[in-house]
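In what follows, a single structure is set out as structure tokens and then discussed.
Just so it is clear, the model here is predicted, and its values are computed rather than measured.
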2 protein chains.
Amino acid sequence: MPKTAEKPVPAPEKLIFAGVDLFRRHGYVATPVDAICAAAGVSKGAFFHHFASKEALAEACMDKWDERMAGWDAGHTATAGDGADAVTILATYMRRSIAFLADPKTFASCLPGTTVQEISESHPALRERSNQCFTKAHERFQTLLAAAANEKQTTVDTTALARLWIGTIQGALILFKASRDVSVIESNVSHVSQYILQQIGATDAEKATES
Amino acid sequence: MPKTAEKPVPAPEKLIFAGVDLFRRHGYVATPVDAICAAAGVSKGAFFHHFASKEALAEACMDKWDERMAGWDAGHTATAGDGADAVTILATYMRRSIAFLADPKTFASCLPGTTVQEISESHPALRERSNQCFTKAHERFQTLLAAAANEKQTTVDTTALARLWIGTIQGALILFKASRDVSVIESNVSHVSQYILQQIGATDAEKATES
DNA sequence: AGGATAGTACCGACTGGTTGGTATGTTTGT
DNA sequence: ACAAACATACCAACCAGTCGGTACTATCCT
């Protein structure tokens, strides 16, 4: 047996993974440190060895979340970017986002969105992290938006439209959590994506890109 | 002193009032019963005399919230309803909603929206109440929408548009909580109100109603 | 080589404070 | 007198965070 590597996932990573999952499902306040440890298969001693506090773990989770979302965005543009025009890239990005958001397996709850509501007035550092997640996602989307607008020679407030996109997703997720009806996500987000394409000046043909 | 009436606000009402306020600001989980009692100036014994549990109070708060929102909606339509056409009523309703939502004194946090995120997976009864609040608000808005669509002889999915309206508000409030920037609310909600009016088939003149 | 030293990762019993809820008694309106 | 409306003291469970200790490895001194 010549070192048949069996990577021993380090405790911090296991804790972050479990934290993201539990915080998303039960919220920051309602998730006890013990539950995170149990889910990660790690002792409490190890937890506080690697993280100064529960809040510190939450911050790390937020970073992880942003990393994941950035990865998803990058993964998309890498696939669709080959030779396609900017409007098509934007349109397919939005269409794929809908499918991604509506899939209960991968999504159905946004970490910063869930967290910021509870801790907005009590944990300034965590609020700031949540805001950063939104800002980063905003910027990534705005890039696609600006390219499309430039291609169409239209002058639009890409900042406002990007905020609308992020906000629509957050709102749709809340309505989903209340109603348990995934169709809200699809309905709301696709309405807004139509509106955005229209503001950019896309033709009807461009709006209806293949999946 | 011939009974110079000084209505002795009953304890349940005081508790509901304080509950709505605290739950909105700190969330359901992070708000201790003691804090609600202190804010209401009521003893803990009185609390559990009137409410079976913390969850029962939260349900009552949710009802109170719905009542308030319904009152606001009714108050509006009573003012604007005199002889005005349905499209104008809808347009001014949405415009006034923006001002209402963006005013930190009266709003900046929605009780069912804040609550449902935390308790969606742990308190089914509370989740159902939150959903009811959304449904009721949805129905009230859909009425305005249907009247306007009927007036314009346009066929639109008023259910979808009403969900979009509610969702947009929820999303805008999350982004506001993260960024502390009220302009997100104004920006997002007015974009969607433009979209809705456009779907209804309103003229540009109708879209730009006086405040 | 090998023993002392030090640093890192980890364990789990424990602590001090908090929480939702209760038990028991007192006041108040009728 | 009797019940509803309160008040106070209390409890068991729970929670974030601590602390003394162990196992393992790396480094250094002789």
Side-chain angles (χ1 to χ4, degrees), chain A residues 3 5-23 25-62 115 118-119 121-126 129, chain B residues 1-23 25-62 115 118-119 121-127 129:
Chain A
K3 274 195 177 172
E6 42 180 276
K7 244 198 269 167
V9 186
E13 269 187 53
K14 286 196 279 188
L15 287 166
I16 290 171
F17 185 86
V20 169
D21 181 49
L22 292 173
F23 287 148
R25 296 220 311 266
H26 308 300
Y28 174 75
V29 185
T31 305
V33 172
D34 292 301
I36 301 171
C37 292
V42 156
S43 77
K44 209 170 181 179
F47 183 104
F48 285 100
H49 176 72
H50 294 289
F51 299 97
S53 63
K54 183 182 172 184
E55 194 176 349
L57 175 78
E59 287 186 42
C61 289
M62 220 72 97
T115 310
E118 317 180 67
I119 51 75
E121 298 225 342
S122 53
H123 293 66
L126 230 42
R129 286 284 167 123
Chain B
M1 268 194 264
K3 275 197 179 176
T4 331
E6 42 181 272
K7 243 199 269 168
V9 186
E13 269 188 52
K14 286 197 279 187
L15 287 167
I16 291 172
F17 186 85
V20 169
D21 181 49
L22 292 173
F23 287 147
R25 297 219 311 264
H26 308 300
Y28 174 75
V29 185
T31 305
V33 172
D34 292 305
I36 301 172
C37 293
V42 156
S43 76
K44 210 169 178 180
F47 182 104
F48 284 100
H49 176 72
H50 293 290
F51 298 97
S53 64
K54 183 184 172 183
E55 194 175 349
L57 174 78
E59 287 187 42
C61 288
M62 220 72 97
T115 310
E118 318 180 66
I119 52 75
E121 298 224 343
S122 53
H123 293 65
L126 231 41
R127 202 209 75 220
R129 287 284 166 125

Minimum heavy-atom distance [X]-[Y], with the two atoms named:
{"X": "A/Leu22", "Y": "A/Ala39", "result": "CD1-CB, 4.0 Å"}
{"X": "B/Phe51", "Y": "B/Ala60", "result": "CE2-CB, 3.9 Å"}
{"X": "A/Glu59", "Y": "A/Leu126", "result": "CG-CD1, 3.4 Å"}
{"X": "B/Val42", "Y": "B/Phe47", "result": "CG1-N, 4.2 Å"}
{"X": "B/Ser43", "Y": "B/Cys37", "result": "O-SG, 4.0 Å"}
{"X": "B/Ala52", "Y": "B/Ala56", "result": "N-CB, 4.0 Å"}

Table of protein N/O atoms under 3.5 Å from nucleotides 23-30 of chain C N/O atoms:
none

Interatomic distance where [atom1] belongs to [X] and [atom2] belongs to [N] [whole Å]:
{"X": "A/Leu15", "N": "C/dA9", "atom1": "CG", "atom2": "C1'", "answer": "13 Å"}
{"X": "B/Phe48", "N": "D/dA4", "atom1": "CZ", "atom2": "C1'", "answer": "19 Å"}
{"X": "B/His123", "N": "C/dG20", "atom1": "NE2", "atom2": "C1'", "answer": "11 Å"}
{"X": "A/Lys44", "N": "C/dC14", "atom1": "NZ", "atom2": "P", "answer": "13 Å"}
{"X": "A/Phe47", "N": "D/dC15", "atom1": "CZ", "atom2": "P", "answer": "13 Å"}
{"X": "B/Glu13", "N": "D/dA5", "atom1": "CD", "atom2": "C1'", "answer": "15 Å"}

Measure the spacing between CG of B/Leu57 and OG1 of B/Thr31 and express it to the nearest 0.5 Å.
10.0 Å

For the atom pair CZ (B/Phe17) and SG (B/Cys61), what is the distance rounded to the nearest 0.5 Å?
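So the gap between those two atoms works out to 11.0 Å.
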
Looking at B/His50, does any N or O in its side chain come under 4.0 Å of the phosphate oxygens OP1/OP2 on D/dC6?
yes

Does OP1 or OP2 of D/dC6 have a side-chain N or O of B/His49 closer than 4.0 Å?
no

Proximity to DNA chain D (any heavy atom under 4.0 Å), residues of residues 51-58 of chain A only
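Heavy-atom cutoff 4.0 Å gives A/Ser53, A/Lys54.
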
Axial cation check for A/Tyr28 ring with A/Lys54, 6.0 Å and 45° limits
yes

May I ask you to list the residues of residues 26-36 of chain B, by number, that have any heavy atom positioned under 4.0 Å from an atom of DNA chain C?
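Output list: B/Thr31, B/Pro32, B/Val33.
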
Would you say B/His123 and B/Glu55 make side-chain contact, with heavy atoms under 4.5 Å?
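Sidechains of B/Glu55 and B/His123: in contact.
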
What I'd like to find out is whether the side chain of A/Glu118 reaches to under 4.5 Å of the side chain of B/Glu118, using heavy atoms alone.
yes

Considering only D/dC6, C/dG20, D/dG17, which nucleotide approaches the side chain of B/Ser43 most closely?
D/dC6

